[in-house]
Amino acid sequence: MSRAALLVLADGRFPAGGHAHSGGAEAAVKAGRIRDARDLAAFCHGRLRTTGLTSAALAAAAALGLDPLELDEAADARTPSPALRATARRLGRQMMRAARATWPAPELDALAAALPRGAHQAVVIGLTARAAGLGPEDAAHCVAYETVSGPATAAVRLLSLNPFDATAVLARLAPAMDEVAAQAAAAARKGIDALPAASAPLLDITAEQHAAWPVRLFAS
């Protein structure tokens with residue numbers, strides 16, 4: 001197991017397309033729910049404990065070697081918003097391209113062939129972690145970090161928020177990220193039926209609204 005591989009996979013510069021997505025932050029900023037670093041922290045904490053936990057568990061399960069096609073169906077069932085399902089598959093497709101170039105593996109090739117329009121991002125991250133020699137906790141940590149780093153980065157651009165303040169938000173969330181990753185990996189070891197299905201209905205609603213905006217800075 002390579003800690004360097006974990007750093008590469010979790011790096012925001014890994015060419016997986018995440019920089020174009022706000023994780024719901026753009027809609028929250030427009031609605032006035034994120035106005036400063038304190039609001040950002042609350043938003044990220046809520047996202048981490050709901051959709052973040054669900055996605056982290058899916059990634060951990062894929063890293064363990066559970067059937068990625070069944071996991072993709074489980075991800076669909078846990079994503080009621082059509083806009084978010086489409087986003088997850090776009091991000092999964094981009095992640096797949098980067099993963100196959102970085103850590104070539106038959107499992108990645110097989111999933112790409114089975115779902116040419118893209119598997120859910122969380123499933124692809126988990127399978128990528130497996131190809132990189134990482135474990136379920138590592139995959140869950142990658143997803144947990146992506147869950148909050150995306151909105152934090154977006155808030156810097158949307159609000160001209162001080163980057164130091166945004167980074168401090170992420171640092172203070174570190175213990176919660178560790179807890180979510182551990183919980184996700186533990187659930188994954190119990191099988192697909194035991195995976196959490198925590199949700200954030202407001203994120204689903206605002207994702208559908210955001211998708212209909214004629215002008216927006218972020219794709220989601």
Side-chain angles (χ1 to χ4, degrees), residues 3-57 59 81 83-84 87-88 90-91 94-95 98 121-122 125 129 137-184 196 198-211 213 215-220:
R3 285 291 169 255
L6 175 59
L7 294 175
V8 171
L9 182 57
D11 194 332
R13 291 163 293 188
F14 191 75
H19 65 280
H21 297 264
S22 76
E26 185 168 23
V29 167
K30 184 175 181 179
R33 285 188 288 273
I34 299 179
R35 295 161 296 181
D36 52 29
R38 180 174 296 183
D39 293 340
L40 175 64
F43 177 88
C44 288
H45 189 269
R47 191 167 192 265
L48 177 64
R49 294 291 188 178
T50 54
T51 58
L53 172 61
T54 300
S55 296
S81 163
L84 289 181
T87 294
R90 283 198 302 270
L91 286 168
Q94 181 64 26
M95 170 62 74
Q121 180 194 31
I125 289 176
E137 288 84 359
D138 298 312
H141 269 103
C142 283
V143 171
Y145 179 69
E146 191 270 343
T147 295
V148 296
S149 62
T153 301
V156 171
R157 297 171 62 185
L158 291 163
L159 296 170
S160 297
L161 189 67
N162 188 325
F164 296 155
D165 292 338
T167 301
V169 167
L170 296 179
R172 288 192 290 270
L173 282 170
M177 284 188 265
D178 288 343
E179 291 174 10
V180 165
Q183 186 178 351
S199 64
L202 189 56
L203 285 179
D204 296 325
I205 293 168
T206 55
E208 293 300 314
Q209 296 169 344
H210 183 273
W213 291 1
V215 179
R216 58 195 181 192
L217 182 60
F218 291 92
S220 71

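It should be emphasised that the depicted structure is a prediction, and the values quoted were computed from it without experimental measurement.
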Can any side-chain N or O of [X] pair as donor or acceptor with the backbone N or O of [Y] at less than 3.5 Å?
X: Arg35; Y: Val29; result: no
X: Ser199; Y: Pro201; result: no
X: Gln209; Y: Ala27; result: no
X: Arg47; Y: Gly23; result: yes

Separation of [Y] [atom2] from [X] [atom1] (nearest 0.5 Å):
X: Asp138; Y: Leu7; atom1: CG; atom2: CG; value: 10.0 Å
X: Glu208; Y: Leu203; atom1: CD; atom2: CG; value: 12.0 Å
X: His210; Y: Ser22; atom1: NE2; atom2: OG; value: 5.0 Å
X: Thr87; Y: Phe218; atom1: OG1; atom2: CZ; value: 13.5 Å
X: Glu146; Y: Ser55; atom1: CD; atom2: OG; value: 8.0 Å
X: Leu170; Y: Thr153; atom1: CG; atom2: OG1; value: 7.0 Å

Check whether any side-chain heavy atom of [X] sits under 4.5 Å from a side-chain heavy atom of [Y], and report yes or no.
X: Glu179; Y: Arg49; result: yes
X: His141; Y: Asp178; result: yes
X: Thr206; Y: Glu26; result: no
X: His45; Y: Val148; result: no
X: Leu48; Y: Leu53; result: no
X: Arg172; Y: Val169; result: yes
X: Thr54; Y: Thr50; result: no

Do you know the tightest heavy-atom contact between [X] and [Y]?
X: Val143; Y: Gly52; value: CG1-O, 4.2 Å
X: Pro151; Y: Cys44; value: CB-SG, 4.0 Å
X: Asp165; Y: Ala37; value: CB-CB, 4.2 Å
X: Val180; Y: Ala56; value: CG1-CB, 4.4 Å
X: Ala184; Y: Ala57; value: CB-N, 3.4 Å
X: Ala166; Y: Leu161; value: CB-CD2, 4.1 Å

Residues in ring-ring contact (aromatic ring centres under 6.0 Å, His included) contact with His21, at least two apart in sequence or another chain: none

Would you indicate whether Arg38, at its atom CZ, is surrounded by more than 12 heavy atoms from other residues, nucleotides or ligands within a distance under 6.0 Å? no

If you draw a 6.0 Å radius around OH in Tyr145, do more than 12 non-hydrogen atoms from other residues or ligands fall strictly inside?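 Counting other residues, nucleotides and ligands, OH of Tyr145 stays at 12 neighbours or fewer.
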
Intermediate values then yes/no, side-chain contact (heavy atoms from CB on, under 4.5 Å), Met95 and Ile125: CA-CA 7 Å; Met95 170 62 74; Ile125 289 176; 3.7 Å; yes

In sequence, state the C-alpha distance, the side-chain angles, and the governing distance for Arg157 and Leu217, and then conclude on side-chain contact (heavy atoms from CB on, under 4.5 Å). CA-CA 9 Å; Arg157 297 171 62 185; Leu217 182 60; 4.0 Å; yes

Taking Arg13 first and then Asp11, would you say they form a salt bridge - that is, a charged N and a carboxylate O separated by under 4.0 Å?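 Judged by the 4.0 Å cut-off on N to carboxylate O distance, Arg13 and Asp11 do form a salt bridge.
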
